[in-house]
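Written out below as structure tokens is the structure these notes cover.
Because the structure is a prediction, the values reported are computed rather than measured. Residue numbers begin at 1 in each chain, while the letters A, B, ... track the order of the sequences.
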Protein chains: 2
Amino acid sequence: MTAADTVRRKPRADSQRNRERLLEAAKAGFAETGPDVSLEEIARRAEVGIGTLYRHFPTRDALVEAVYRREVQALADGATRLLETLPPGEALHQWMRSFIDYVAAKKVIAPALGGMVGGPSQVFAASGVMIREAMTTLVERARAAGEIRADADPADLLHAVVGFAYAPTGPDWNASALRLVDILMDGLRVR
Amino acid sequence: MTAADTVRRKPRADSQRNRERLLEAAKAGFAETGPDVSLEEIARRAEVGIGTLYRHFPTRDALVEAVYRREVQALADGATRLLETLPPGEALHQWMRSFIDYVAAKKVIAPALGGMVGGPSQVFAASGVMIREAMTTLVERARAAGEIRADADPADLLHAVVGFAYAPTGPDWNASALRLVDILMDGLRVR
DNA sequence: TTGCTAAACGGAGGAACCCTCCGTATATAA
DNA sequence: TTATATACGGAGGGTTCCTCCGTTTAGCAA
């Protein structure tokens with residue numbers, strides 16, 4: 001029997017349970033303490049040894065990625081929904097606004113977004129791809145419909161929206177970001 | 001002789017020298033290792049005890065602020081210079097572009113910018129004021145000249161530019177940010 | 001010059017955190 | 001029930017943070 005023949009056992013129940021507890025604890029920890037919660041704190045909350053945490057998520061980024069994968073998915077899905085019910089330009093506009101609202105609601109995601117725009121960090125690769133695809137589709141449709149400038153670049157717009165969301169600004173943060181999206185959209189529209 | 005009467009000695013020469021060395025070392029450290037250089041590393045580079053570092057700069061942010069105060073000053077000064085030679089709208093546009101270029105040249109400043117937009121962190125208050133004043137002047141002039149929308153808000157624009165600069169995006173970062181400034185400016189112009 | 005003293009120095013040390021390694025415990029399959 | 005692959009948990013070595021305090025030294029006056 002060679003190594004390739006090894007039969008996989010069913011994953012252990014305790015393993016899955018702990019993984020779940022860790023994700024839960026991490027989410028709570030990020031929300032309460034911010035993106036710099038100590039990993040030991042998370043393990044403590046989950047009532048799990050630190051070793052267990054590291055086995056499930058070998059790196060801090062892996063944990064963040066796991067916590068937010070579902071969230072990012074939801075955000076990306078919103079794009080197709082908007083495209084079905086609105087003219088493409090409006091869909092793009094609304095999606096960018098929803099992006100801001102989303103980040104406003106869960107500010108913790110912001111650092112994670114950092115790795116998403118295509119930077120050297122490949123950690124959030126999966127999430128990054130989802131978001132980029134959503135934005136690309138939106139932009140292409142709007143361009144095809146002649147609603148926005150032909151030279152509008154999805155990557156640029158993503159950069160912009162992430163930037164608005166990422167920059168830790170004042171109490172007026174949310175409203176300000178939305179206004180900026182509006183202005184940006186004005187700049188994008190074909191005159 | 002009451003406490004108020006105490007005569008201040010001339011500040012000690014070694015103190016001033018060490019302060020200088022620390023700033024030098026910090027600048028180099030930030031540039032090479034990034035914004036997370038260990039403070040002990042900086043002290044080591046400056047050939048100074050860790051205690052000395054903490055006496056001069058009680059917090060990491062205080063050190064960053066000190067390192068970049070001059071840089072921020074230069075950036076702010078650019079605004080008046082531009083206003084003297086260009087129409088206000090163009091001055092605003094160019095200043096925002098110069099902002100991006102500046103941050104591109106010294107990426108380390110970015111985290112420091114975070115605290116500048118008016119967030120809860122009061123650490124970069126001084127620098128923040130300088131930048132905010134520059135932006136406010138530029139926007140007011142451009143508005144008065146009727147070149148940009150009357151509802152353009154300096155704080156929003158600062159938020160935007162900082163966001164563009166702050167978001168850690170890919171290799172195309174610099175060019176992308178400049179394109180975004182251009183689009184934003186298009187959105188700002190009165191039609 | 002000399003001596004006094006406020007001011008500055010520097011590093012030991014406790015606390016928190018990161019991450020690895022490995023002995024112990026247990027869920028699954030036979 | 002037994003065997004063993006798999007998962008658990010935490011001790012421990014290394015790093016960084018920041019404080020505290022005994023030692024050194026630069027400025028000042030006599």
Salt-bridge present ([X], [Y]; N to O < 4.0 Å):
X       : Y       : value
A/Arg44 : A/Glu41 : yes
B/Arg19 : B/Asp14 : no
B/Arg45 : B/Glu32 : yes

Single hit among A/Phe164, A/Phe99, A/Trp95 for side-chain contact (heavy atoms from CB on, under 4.5 Å) with A/Val181: A/Phe164
Sorted by first residue and then second, give each side chain to side chain donor-acceptor pair (under 3.5 Å) pair with at least one member in residues 136-145 of chain B; sequence neighbours left out.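 Matches after skipping sequence neighbours: none remain.
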Let me know the distance between [atom1] of [X] and [atom2] of [N], rounded to the nearest Å.
X       : N      : atom1 : atom2 : answer
A/Asp14 : D/dC8  : CG    : P     : 5 Å
A/Ile42 : C/dC17 : CD1   : P     : 11 Å
A/Phe57 : D/dA7  : CZ    : P     : 13 Å
A/Leu63 : C/dC19 : CG    : C1'   : 15 Å
B/His56 : C/dA7  : NE2   : P     : 14 Å
A/Leu53 : C/dT20 : CG    : C1'   : 14 Å

Look at all strands and tell whether A/Thr52 reaches a base, only sugar-phosphate, or nothing, counting heavy atoms closer than 4.0 Å. base
Given the structure, check if the side chain of B/Arg12 and the base of C/dA7 hold any donor-acceptor pair shorter than 3.5 Å. yes
What string of B, S and - do you get for nucleotides 11-22 of chain D, 5' to 3', when a contact is any protein heavy atom under 4.0 Å? B----BBBB---
To the nearest 0.5 angstrom, please state how far the CE atom of B/Met96 sits from the CE atom of B/Met185. 5.5 Å
Step-by-step side-chain contact (heavy atoms from CB on, under 4.5 Å) determination, A/Met135 to A/Leu92: CA-CA 8 Å; A/Met135 179 59 101; A/Leu92 172 60; 3.9 Å; yes
Which atom of B/Phe30 lies closest to which atom of B/Val37, heavy atoms considered: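 Nearest heavy atoms, B/Phe30 then B/Val37: CD2-CG2, 3.5 Å.
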Under 4.0 Å between a side-chain N or O of A/Asn18 and OP1 or OP2 of D/dA7?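 No.
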Between C/dA8, D/dC28, D/dG9, which nucleotide gets closest to the side-chain atoms of B/Lys10?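 Among C/dA8, D/dC28, D/dG9, the one nearest the side chain of B/Lys10 is D/dC28.
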A/Arg149 (side chain) donor-acceptor with A/Gly187 (main chain) under 3.5 angstrom: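 Such a contact is found between A/Arg149 side chain and A/Gly187 backbone.
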Can you give me the bend angle of the helix from C/dT1-D/dA30 to C/dA30-D/dT1? Use the axis through the first five pairs and the one through the last five, nearest 10 degrees. 0°
List, one per line, each side-chain donor-acceptor pair under 3.5 Å for residues 78-87 of chain B, sequence neighbours excluded.
| from | atom 1 | to | atom 2 | distance (Å) |
| --- | --- | --- | --- | --- |
| B/Thr80 | OG1 | B/Asp77 | O | 2.7 |
| B/Thr85 | OG1 | B/Leu82 | O | 3.4 |

If you look only at pairs with a residue in residues 88-98 of chain A, which of them pass as a salt bridge (Lys or Arg N to Asp or Glu O under 4.0 Å), with sequence neighbours excluded? A/Glu90-A/Arg189, A/Arg97-A/Asp182
Anything under 3.5 Å between a protein N or O and an N or O of nucleotides 1-4 of chain D, put it in a table, one pair a line.
| from | atom 1 | to | atom 2 | distance (Å) |
| --- | --- | --- | --- | --- |
| D/dT4 | O2 | A/Arg9 | NH2 | 3.2 |

